[in-house]
Chemist: 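Before anything else, here's the structure in question.
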Amino acid sequence: MADCPVNHIAFIMDGNGRWAKKRLMPREYGHKVGAEVFEKIVDYCAAIGIKAVTVYAFSTENWKRPKNEVEALFKLFTDYIDNRTSTLMKKNVRLVFIGDRSAFSDDLRTRMEAVEAKTKYNEKLLYIAINYGGRNEICHAVNELIAEGKKEVTEDDISAHVYTKYSPDPDLIVRTGGEYRLSNFLMWQSAYSEIYVTDTLWPDMTEADVDLAIDEYKRRNRRFGGL
Ligand code: FPP
């Protein structure tokens with residue numbers, strides 16, 4: 001679908017814990033299945049012509065979760081880097097991690113930088129948000145501008161310094177799991193994004209659910225403040 005009206009789609013992948021609980025399984029199992037679904041959905045988005053995908057995988061607030069759960073999530077992220085770099089090359093996907101890396105081990109940071117460098121010239125974009133907070137990102141952008149000597153900043157300056165600077169802002173933000181909030185996701189970039197909430201829990205998310213979100217997007221009349 002070369003004429004997909006959505007160029008950049010973002011997902012708040014919520015509901016893994018509830019999905020696992022319904023099956024009397026530990027939350028970690030929900031994240032494991034969630035990681036498989038993440039790959040399926042990213043592939044589908046590429047197949048229908050979406051150029052950039054952002055996923056919210058770990059927020060700055062998620063450190064408050066039990067140690068086991070945090071460790072299980074970081075294992076999924078590390079495994080993804082270790083096992084999927086060649087797949088990303090084959091699929092022409094540039095991977096960029098967004099968020100504050102200062103909390104990560106040197107080893108993880110090195111692995112992140114390596115996959116980013118390797119995939120840098122690929123055409124499609126995949127942003128994975130880990131230790132990400134939207135307000136934190138805006139502070140980071142402003143601090144970079146201050147370090148460059150700016151005394152006053154413009155909107156364009158900030159847009160050029162947020163982590164997602166390699167693509168236009170998301171047209172559509174999809175939240176699974178039924179909650180109507182952005183939870184500190186893409187605070188700067190979401191100014192004009194359409195927001196679509198579905199009760200579907202992330203591990204149940206299918207290609208058909210993506211189609212439903214895009215159909216709804218097509219019905220919305222984006223005015224960007226005009227008439
Ligand atoms: C929120 O659901 C989900 C997360 C905090 C983790 C999302 C991460 C993944 C889907 C794995 C992604 C993997 C890679 C490699 C990028 P929740 O557990 O808070 O759900 P709940 O509201 O039902 O408790």
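No hydrogens, no waters, no symmetry mates; every other heavy atom, side chains included, goes into these values. When a ligand or atom number is given, it counts from 1 through the structure's own listing order.
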Chemist: Are the aromatic rings of Y217 and Y196 close, with centres under 6.0 Å apart?
Modeler: no
Chemist: Is the centre of the F77 ring less than 6.0 Å from the centre of the Y80 ring?
Modeler: no
Chemist: Looking at K165, I'd like to know if its NZ atom is crowded, meaning that more than 12 non-hydrogen atoms belonging to other residues, nucleotides or ligands lie closer than 6.0 Å.
Modeler: yes
Chemist: Non-hydrogen atoms of G15 versus ligand 1: any pair closer than 4.0 Å?
Modeler: yes
Chemist: Tell me the contacting part of K21 for ligand 1: side chain, backbone, both, or neither, using a 4.0 Å heavy-atom threshold, strictly below.
Modeler: neither
Chemist: What do the steps show when you test W19 against Y29 for ring pair (Phe, Tyr, Trp, His ring centres under 6.0 Å), and what is the final call?
Modeler: CA-CA 9 Å; W19 183 90; Y29 180 65; 5.7 Å; yes
Chemist: With heavy atoms of N62 as the reference, note each atom of ligand 1 found under 4.0 Å away.
Modeler: 5 (C)
Chemist: Go through ligand 1 atom by atom and flag the ones less than 4.0 Å from a non-hydrogen atom of L73.
Modeler: 6 (C), 8 (C)
Chemist: Would you mind listing which atoms of ligand 1 come within a distance below 4.0 Å of any non-hydrogen atom of Y80?
Modeler: 15 (C)
Chemist: Just go through R65, E39, K75, M13 and tell me whose heavy atom is the nearest to atom 9 (C) of ligand 1.
Modeler: M13
Chemist: Closer than 4.0 Å to some heavy atom of R27 - which atoms of ligand 1 meet that?
Modeler: 17 (P), 18 (O), 19 (O), 24 (O)
Chemist: List ligand 1 atoms under 4.0 Å from A57, heavy atoms only on the residue side.
Modeler: 6 (C), 7 (C), 8 (C)
Chemist: Say whether, by atom type as modelled, one donor and one acceptor occur between the side chain of R111 and the main chain of D82 under 3.5 angstrom.
Modeler: no
Chemist: Check this for me: K150, atom NZ, are more than 12 non-hydrogen atoms of other residues, nucleotides or ligands nearer than 6.0 Å?
Modeler: no
Chemist: With heavy atoms under 4.0 Å as the rule, classify the contact between V55 and ligand 1 as side chain, backbone, both or neither.
Modeler: neither
Chemist: Would the distance check show the side chain of D204 and the main-chain N or O of T200 forming a donor-acceptor pair, the cut-off being under 3.5 Å?
Modeler: no
Chemist: Roughly how far, to the nearest 0.5 Å, is CD of E116 from CG of L88?
Modeler: 11.5 Å
Chemist: Report the member of D14, I81, I130, V37 with the shortest heavy-atom distance to atom 17 (P) of ligand 1.
Modeler: D14
Chemist: Is it the side chain, the backbone, both or neither of M205 that has a heavy atom closer than 4.0 Å to ligand 1?
Modeler: neither
Chemist: Return the closest protein heavy atom for atom 21 (P) of ligand 1 as residue, atom name and distance.
Modeler: R18 NE, 3.6 Å
Chemist: For K91 and V42, what are the C-alpha separation, side-chain angles and deciding distance, and is it a side-chain contact (heavy atoms from CB on, under 4.5 Å)?
Modeler: CA-CA 11 Å; K91 293 181 175 166; V42 169; over 6 Å; no
Chemist: Among A72, A35, G177, which one puts a heavy atom closest to atom 11 (C) of ligand 1?
Modeler: A35
Chemist: Please identify which atoms of ligand 1 are closer than 4.0 Å to at least one heavy atom of H31.
Modeler: 4 (C), 6 (C), 18 (O)
Chemist: Give me the residue, atom name and distance of the protein heavy atom closest to atom 16 (C) of ligand 1.
Modeler: F38 CE2, 3.7 Å
Chemist: Which residue owns the protein heavy atom closest to atom 10 (C) of ligand 1, what's the atom, and how far is it?
Modeler: N16 ND2, 3.3 Å
Chemist: Taking everything shown except K124 itself, do over 12 heavy atoms lie less than 6.0 Å from its NZ?
Modeler: yes
